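We use all heavy atoms of the structure for the numbers below, so side chains are in, but hydrogens, waters and symmetry mates are not. All ligand and atom numbering here is 1-based and tracks the order in the structure. Since we're looking at a predicted model, the values are computed, not measured.
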Amino acid sequence: MKPLSAVMPARSFSLALTLTLGLSATSTIAMADTVSLPINTLPSRISLPNVSPANSALANRGAYVARTADCMACHREDYSGGVPIETPIGNIYSTNITPSTRYGIGSYTEANFKKALRKGRAPNHQIYPAMPYPSYHGMTDEDISALFAYFQTVPIVDKPPEKTTRLPFPLNIRSLMLAWNVINVPSTENRSGLTQTQQRGEYLVNNLEHCGTCHTPRNLTQGLDKDRYLSGAPLGKWFAPNITPDNDTGIGLWSEMDIVTYLRTGMLDKRAYAGGPMAEAVAHSTRYLTDEDLIAMASFLKVVPAIKTDDYLIPVNVARLPQPVSNSITYNLLEQKDYLAKAKANTSHVTISQNSSKNSRMENSNSSKSLYLAHCASCHGVDGYAQPDARYASIVGLSSIRRAKPDALIGVIAFGAKGAFNTAPKMPGFSKDLSHAQIASITNYVRVTFGGLPSSNVSAADVTRVIKEKS
Ligand code: HEC
Ligand code: HEC
Ligand code: HEC
């Protein structure tokens, strides 16, 4: 039997993004020590979308706290709930947290609210840790008060969530979480010797943004493994990479500005793209944060202990990356169509050989290119840079295609991608349409051609293993 506490908040990947753009509010967070980045070059922030309807200072501050704590990613932008959080014991659905007295938290006192956030204790039941209370445990009294004031002003949704949690006995015995809490709450410890900016960053990363719930491996009871904090963890069909400052396997080579840009926009040219669960964190939360707060997180991430894992990141060799065929949006579609038709004709009579004689290796690379052109190039471009206007992701140089372990890339090709902030049609999964050998062949082509890797030898067996593991 799986441990009762095996609750892993791998978020569902189907959250609606309905943003109501509202007044812009200024942050009330004062940073005492100096900030090391040139503010005027930061990508600009989307104006704060959810100022409290009451527009009082306290409730507006609470609206910002709700953004930093990413409540909407799980409870929906209108807080009506019903979003499935995938866990090893089954789906746990978020609840309605609007001030409806019947279906929401309208009858909560501030003390009830505080207990729910810090201890996972609702007035009448214990909450499953799919709600990240082990991280919220460290929330300040001031932030909880502001958040509570804000939630009083949120429009009431007077209906139950579309779906609610139904776990079989004995998993439905909520009080068993009490024992789990003793071991796993709080999920992080504060470090000493940090600057004031880094302390703010620590609070944001550890407590409000709960970055560790996805990026930290789990211990035997499925709590966060503090010794491997932020060093990367599987997440359903995805993998949340190592974000400690290790140069070879983490983000040690990223500057603070790189981190800020990624959290603000969900992408970093020729380096990284948030196309999966990370897109939700960006879409619902980090892109709205103040410059000061993003800088604080970046400067904290630079000083967390660096952890080396076995998931090596092969550095970008810029010289090996392709040049864009065209920078302009009027990318020659007709020419491309022609190319694709030829490529499709080619692949229909090509058989992929896993044989390694010199001849068949050449044939292999030809066919892998044809496969890429036929199945991927219509969105990602012949050159991998995609069509910038259509918001298909440029895949050139991405960290996800430069990992020593090809698992994350195989996962994307097999199961597809749809990021929460992307308006382009989603990337389909190819696990049904292509053979495992064909997926392996495309994986190798992408890693070498667009990742700049000297070689890649992913096999059909690797693809079979990854698909089995992630299904
Ligand atoms: C990672 C997903 C996730 C995030 C982020 C999240 N929640 Fe939750 N929350 C849940 C789930 C799932 C439940 C239901 C858990 C259960 O059924 O035991 C829940 C339950 C709750 C409850 C208990 C409601 C009740 O009486 O049943 C409250 C209150 C709550 N959340 C408030 C918040 C607030 C406020 C935020 C932001 C500060 C937040 N949540 C962020 C997933 C999340
Ligand atoms: C819901 C789970 C989830 C949460 C919460 C989350 N991440 Fe991620 N993160 C991921 C996944 C999965 C990826 C891989 C990229 C993707 O999704 O396309 C990723 C990628 C990243 C990357 C790029 C690393 C690389 O090598 O390409 C950085 C940096 C990052 N996350 C930082 C953060 C920070 C900081 C936070 C907290 C503000 C955070 N993440 C919260 C799941 C998450
Ligand atoms: C219909 C268009 C479409 C097709 C066809 C397509 N993709 Fe994608 N792909 C996307 C979109 C869109 C994203 C970004 C996800 C998002 O933001 O919604 C993406 C993301 C990616 C990523 C980045 C994932 C990450 O988070 O790092 C890779 C790598 C990728 N695609 C490779 C491929 C390969 C290889 C093929 C062919 C087997 C392919 N794609 C076919 C649209 C497509």
*May I ask you to check if any N/O/S atom from S94 comes under 2.8 Å of atom 8 (Fe) of ligand 1?*
no
_Any L301 heavy atom less than 4.0 Å from ligand 2_ = yes
_So, regarding H210 and ligand 2 (criterion: nitrogen or oxygen to nitrogen or oxygen, under 3.5 Å), is there a contact or not?_
no
*Determine, using heavy atoms of W238 and all atoms of ligand 3, whether some pair is separated by less than 4.0 Å.*
yes
*Looking only at non-hydrogen atoms, which of Q438, H375, H380, M427 approaches atom 5 (C) of ligand 3 most closely?*
H375
*Is there any N or O on Y372 that sits under 3.5 Å from an N or O of ligand 3?*
no
*State whether the shortest distance between N or O atoms of F239 and N or O atoms of ligand 2 falls below 3.5 angstrom.*
no
_N/O separation below 3.5 Å, Y128 to ligand 1_ = yes
*Quick one: which of H284, R174, E209, H125 has a heavy atom closest to atom 17 (O) of ligand 1?*
R174
*With heavy atoms under 4.0 Å as the rule, classify the contact between S400 and ligand 3 as side chain, backbone, both or neither.*
side chain
*For ligand 2, does T286 get within less than 4.0 Å through its side chain, its backbone, both, or neither, judged by non-hydrogen atoms?*
side chain
*Answer with side chain, backbone, both or neither: which part of W254 has a heavy atom less than 4.0 angstrom from an atom of ligand 2?*
side chain
_Does ligand 3 come near enough to G419 that some N or O of the ligand is less than 3.5 Å from an N or O of the residue?_
yes
*Can a non-hydrogen atom of Y133 be found less than 4.0 Å from any atom of ligand 1?*
no
*Is the closest heavy atom of P425 to ligand 3 under 4.0 Å?*
yes
*For ligand 3, which part of L409 has a heavy atom less than 4.0 Å away: the side chain, the backbone, both, or neither?*
side chain
_Aromatic ring proximity W254/Y262, centre distance under 6.0 Å_ = yes
*Could an N or O of ligand 1 be found under 3.5 Å from any N or O of H75, whether backbone or side chain?*
yes
*Decide whether a cation-pi geometry holds between K237 and F415; the criteria are a distance under 6.0 Å from NZ or CZ to the six-membered ring centre and an angle within 45° of the ring axis.*
yes
_N/O separation below 3.5 Å, G276 to ligand 2_ = yes
*Between the candidates K237, R271, M267, M278, which shows the shortest non-hydrogen contact distance to atom 10 (C) of ligand 2?*
M278
*ligand 3 versus I401, non-hydrogen atoms closer than 4.0 Å: side chain, backbone, both, neither?*
side chain
*State whether the shortest distance between N or O atoms of D70 and N or O atoms of ligand 1 falls below 3.5 angstrom.*
no
_Contact check, L235 vs ligand 2, heavy-atom distance below 4.0 Å_ = yes
_Non-hydrogen atom of I259 closer than 4.0 Å to ligand 2_ = no
_Between atom 8 (Fe) of ligand 2 and H215, which N, O or S atom of the residue is the nearest one?_
NE2
*asked:* Using heavy-atom distances only, which candidate in A408, P241, C74, G411 approaches atom 13 (C) of ligand 2 most closely?
replied: P241
*So which of I97, T95, T68, N207 gets nearest to atom 20 (C) of ligand 1, if we judge by its closest heavy atom?*
T95
_Would P132 count as a contact residue for ligand 1, given that I'm defining contact as a non-hydrogen atom of the residue lying under 4.0 Å from a ligand atom?_
yes
*Would you please classify the geometry between the H210 ring and the Y136 ring as parallel, tilted or perpendicular, with 30° and 60° separating the classes?*
perpendicular
*Please state whether the separation between atom 8 (Fe) of ligand 2 and some N/O/S atom of C211 is under 2.8 Å?*
no
*Is D293 salt-bridged to R200, cutoff N-O under 4.0 Å?*
yes
*May I ask you to decide if the ring planes of F450 and Y372 are parallel, tilted or perpendicular, using 30° and 60° as cut-offs?*
tilted
